[in-house]
Amino acid sequence: MLLLGAHGQVGGEALPLLRELGEVVSLTRAELDLTDGAAVRAAVRGVKPRWIVNAAAYTAVDKAESESRTAYIVNGELPGILGEEAARIGSAVIHFSTDYVFSGEGSRPWREDDPTGPLGVYGASKLAGERALAESGAGHFIFRTSWVFGARGENFLRRILQLARERDELKIVDDQVGSPTWSRTLARLVEHTIRREEERTKSVGCGLDEAVKAVGGVYHASSRGYTTWFAFATEFVRIAREAAPEEALAKLVAIPTSAYPTAAERPKNSRLYCEKLARELEFAMPDWQSATREVMEELLAEAHTR
């Protein structure tokens, strides 16, 4: 297997799980320049992986507005290159995308076949990557997810906890709705999918690419239930207060998106409808509250041992 983005939130969680399935070549950005298409092709041809897991992405949403070329190379062109190389050798690709491919209008959860309409460069570049992979001819899974967080890496939960310990008051947007999704859940989804497809390939007696093409495509994969950024922050700060009532943490104040201007426009409706994932791949996502508590327990235990 070839894993890209091993130092990221999802890749870091996926690496130990994938190693249980077999040999994994994990390449970080320091080892492989993802903006160098020729180098990427050479890496895939050298490894000859049965599975390519692309957990790498350009995720700086606001910087993407001024660094659009880099965003489009990493998010838009790289998946297509991986797909083309996978198609040459009959391997399969697992790739991650985002709720930002949608416009964020309305309040209905987005389905896989709903019309897309990204609001900024980040979402547009991720959509370009979806299309490039789909057109590559490789068997693939594209998992669209939202609001990824975890105990490792840079994410909203860790950032707000840090600021809550440093400040008296924090203003947090309360009119964007979505599902906070644990990076470890996504890593488990990758492991589950590979195990499932390997078993199915054996049972139906066909090649991996043929088996994956029969069930592959776009799937929505985010936690069950919906919340706002403010309510999400309120929940994990509450857990932190329960664990250490003597610790002073900031007061959280709800504000509208209009009071927190950013370079890139955020979708207000990031709800994803994930029934296809449960039905077709037999994988049930946890609710965001239980995932949040598990992550907080890890972080609090880690802090206690320092």
Side-chain angles (χ1 to χ4, degrees), residues 1-58 73-97 126 129-145 183-184 186-219 221 281 283:
M1 278 174 281
L2 174 62
L3 171 64
L4 301 183
H7 284 181
Q9 289 191 80
V10 177
E13 294 282 6
L15 182 56
L17 298 180
L18 294 181
R19 282 177 172 158
E20 295 179 6
L21 303 180
E23 182 181 357
V24 181
V25 175
S26 61
L27 297 178
T28 65
R29 292 193 183 186
E31 298 165 322
L32 177 62
D33 181 358
L34 300 180
T35 66
D36 185 341
V40 172
R41 290 186 189 277
V44 176
R45 293 179 187 185
V47 175
K48 297 182 178 63
R50 185 169 172 82
W51 287 89
I52 300 173
V53 179
N54 182 30
Y58 182 104
I73 292 174
V74 176
N75 293 343
E77 297 177 12
L78 175 64
I81 292 172
L82 296 175
E84 289 169 4
E85 293 302 315
R88 289 180 62 255
I89 56 177
S91 61
V93 180
I94 293 177
H95 173 67
F96 288 94
S97 191
K126 292 296 287 183
E130 289 187 12
R131 291 172 174 168
L133 178 54
E135 293 168 1
S136 70
H140 65 274
F141 292 96
I142 296 171
F143 295 127
R144 288 179 184 151
T145 190
S183 54
R184 187 171 300 166
L186 297 174
R188 288 169 177 163
L189 171 58
V190 172
E191 178 197 26
H192 168 87
T193 301
I194 292 175
R195 286 186 186 275
R196 182 181 184 278
E197 292 311 300
E198 290 291 356
E199 291 173 2
R200 216 167 56 79
T201 299
K202 293 176 183 177
S203 66
V204 300
C206 66
L208 178 64
D209 57 343
E210 183 180 347
V212 170
K213 285 176 182 177
V215 294
V218 177
Y219 286 82
L281 297 188
F283 188 88

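Given the structure is predicted, the values throughout are model-derived calculations rather than measurements.
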Look at the side chain of [X] and the backbone N and O of [Y], then say whether any donor-acceptor pair between them is shorter than 3.5 Å.
X: H7; Y: R29; value: no
X: S26; Y: L3; value: no
X: N75; Y: Y58; value: yes
X: E84; Y: I81; value: no

Any side-chain heavy atom of [X] sitting closer than 4.5 Å to one from [Y]?
X: R144; Y: V218; answer: yes
X: R50; Y: L21; answer: no
X: V190; Y: F96; answer: yes
X: I194; Y: I94; answer: yes
X: L189; Y: Y219; answer: no
X: T193; Y: F283; answer: no
X: V44; Y: R88; answer: no
X: V74; Y: T35; answer: yes

Rounded to the nearest 0.5 Å, what separation is found between the [atom1] atom of [X] and the [atom2] atom of [Y]?
X: K213; Y: L208; atom1: NZ; atom2: CG; answer: 10.5 Å
X: H95; Y: L4; atom1: NE2; atom2: CG; answer: 11.0 Å
X: L82; Y: H140; atom1: CG; atom2: NE2; answer: 12.5 Å
X: L2; Y: L27; atom1: CG; atom2: CG; answer: 5.5 Å
X: H192; Y: L281; atom1: NE2; atom2: CG; answer: 6.0 Å
X: E210; Y: T201; atom1: CD; atom2: OG1; answer: 9.0 Å

Next item on the list: Flag the pair K202 and E199 as a salt bridge only when some basic side-chain nitrogen lies within less than 4.0 angstrom of an acidic carboxylate oxygen.
Entry: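 No.
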
Notebook entry, point to check: Is the shortest side-chain N to carboxylate O distance from R195 to E198 below 4.0 Å?
Noted result: no

For the student: nearest non-hydrogen atoms of [X] and [Y], plus distance:
X: M1; Y: L18; answer: CE-O, 3.4 Å
X: A92; Y: V212; answer: CB-CG2, 3.9 Å
X: V93; Y: G83; answer: CG2-CA, 4.2 Å
X: A86; Y: A138; answer: CB-CB, 4.0 Å
X: A214; Y: R200; answer: CB-NH2, 4.4 Å
X: P49; Y: S91; answer: O-CB, 3.0 Å

Next item on the list: Taking atom CZ of R45 as the centre, report whether more than 12 heavy atoms of other residues, nucleotides or ligands fall under 6.0 Å from it.
Entry: yes

